[in-house]
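Sequence positions, counted from 1, serve as the residue numbers for this chain.
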Amino acid sequence: QELPETVLLKFIRPENTPVPARPTPEQLSNLIKTSLHYPESYNHSFHQKSLCLVPVTLLLSNCSQAVVDVMIDLRHKPTSSEALEIHGSFTWLGQTQYKLQLKGQEVYSLQLKACFVHTGVYNLGTPRVFAKLVDQVTLFETSQQNSMPALIIINNI
C-alpha cells in the first residue's frame, strides 16, 4: 500500500503588516459608556421610615470590540460645597467597589441602591468608572468620561 505524498506548507507574512496602534488616551477614556436608570422623582414617607431606599440600575456598555477590565467605585463624593448645597448628600448601600470584565460590545447591568435621609434634589451621577484593555499592561485603568448629572427628586408623602 502506497503512503500519501506529504506536502509542506509554507506561511508567508508580508513585511508591511500594520502593527496595531496603541489606543490614544481619548479612545481609552471612551471604552465604556455608562447610563443610570432610576425614577425621576420618588415619593417616600419619612415619618413612617427614616431611610428612603431607591433602586438604581447602572448600565455599562463596552464600546470596543476588545475585552475590557472595568472597575466601578461608588465611594466618590462631590467635593465642592456648592454641589452639596444644590443636591444634598446621599449614600450608596451595599458593596462600594466592583471589578468585572466585559467582552467586546457587551452590555452589563448593575443593580444599586441609593439611600436618602430627607427630601431634596440629588445627583446620582457619582459612580466613577475606570477601564483598561485586558491585554494592556498598565498599572491603572483610565477614568471613563462621566455623563451628565443624573438628578432625582425625593418627596415626602
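Atom CD1 of Ile32 and atom CD of Glu106 lie 9.0 Å apart (nearest 0.5 Å). Here Lys132 contributes atom NZ and Met71 contributes atom CE; the two are 12.0 Å apart, rounded to the nearest 0.5 Å. Between Ile72 atom CD1 and Leu112 atom CG the span is 8.5 Å, to the nearest 0.5 Å. Taking OG of Ser50 as the start and CZ of Phe116 as the end, the distance is 14.5 Å to the nearest 0.5 Å. Put simply, OG on Ser61 and OH on Tyr108 are 13.0 Å apart, with the number rounded to the nearest 0.5 Å.
In terms of modelled atom types and a separation under 3.5 Å, the side chain of Asn43 and the main chain of Ile157 share no donor-acceptor contact. Counting only distance, with no hydrogens or angles, the side chain of His44 and the backbone of Leu51 share a donor-acceptor pair below 3.5 Å. With hydrogens and angles ignored, the 3.5 Å screen pairs a side-chain donor or acceptor of Asn156 with a backbone N or O of Phe46. In this structure, the side chain of Tyr38 engages the main chain of Leu151 through a donor-acceptor pair within 3.5 Å.
Every residue two or more places apart in sequence or in another chain that forms a side-chain contact (heavy atoms from CB on, under 4.5 Å) with Gln111 is listed here: Thr57, Ser109.
Using a 3.5 Å distance cut-off with no hydrogens or angles, the side chains of Gln101 and Asp69 do pair a donor with an acceptor.
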Practice task
For the pair Cys63 and Asn30, evaluate side chain to side chain contact (heavy atoms under 4.5 Å, CB included) and give the outcome as yes or no after the intermediate values.
Solution key: CA-CA 7 Å; Cys63 298; Asn30 288 297; over 6 Å; no
Practice task
Could you walk me through whether Val67 and Leu102 pass side chain to side chain contact (heavy atoms under 4.5 Å, CB included), step by step?
Solution key: CA-CA 6 Å; Val67 180; Leu102 295 181; over 6 Å; no
Practice task
Take Leu60 and Tyr98 through the side chain to side chain contact (heavy atoms under 4.5 Å, CB included) test and state the conclusion after the steps.
Solution key: CA-CA 12 Å; Leu60 302 152; Tyr98 297 85; over 6 Å; no
Practice task
Assess whether side chain to side chain contact (heavy atoms under 4.5 Å, CB included) is satisfied between His37 and Ser35, documenting all intermediate values.
Solution key: CA-CA 7 Å; His37 298 271; Ser35 59; 3.2 Å; yes
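A 4.5 Å side-chain heavy-atom check between Leu124 and Trp92 finds at least one atom pair inside the cut-off. For the pair Ile154/Phe90, no side-chain contact is recorded, criterion being any heavy-atom separation below 4.5 Å from C-beta on.
The number of heavy-atom neighbours closer than 6.0 Å to CD of Gln97, taken from other residues, nucleotides and ligands shown, is above 12. More than 12 heavy atoms of other residues, nucleotides or ligands sit less than 6.0 Å from atom CD of Gln95.
Screening Leu31, Leu100, Leu110, Thr34 against Val70 for a side-chain contact (heavy atoms from CB on, under 4.5 Å) leaves a single residue, Leu100.
Considering all non-hydrogen atoms of both residues, Pro127 and Leu58 come closest at CB-CD2, 4.5 Å. The minimum heavy-atom distance linking Ala66 with Asn62 is given by the pair O-ND2, 2.9 Å. When all heavy atoms are compared, the tightest approach of Gly125 to Ala150 is N-CB, 3.8 Å. Shortest non-hydrogen contact noted between Ala131 and Val68 is CB-CG1, 3.6 Å. Here the closest heavy-atom approach between residue Leu53 and residue Tyr42 is recorded as O-OH, 3.5 Å.
Members clustered with Leu59: Val107, by chain and number, using a 4.5 Å side-chain heavy-atom cutoff among hydrophobic residues.
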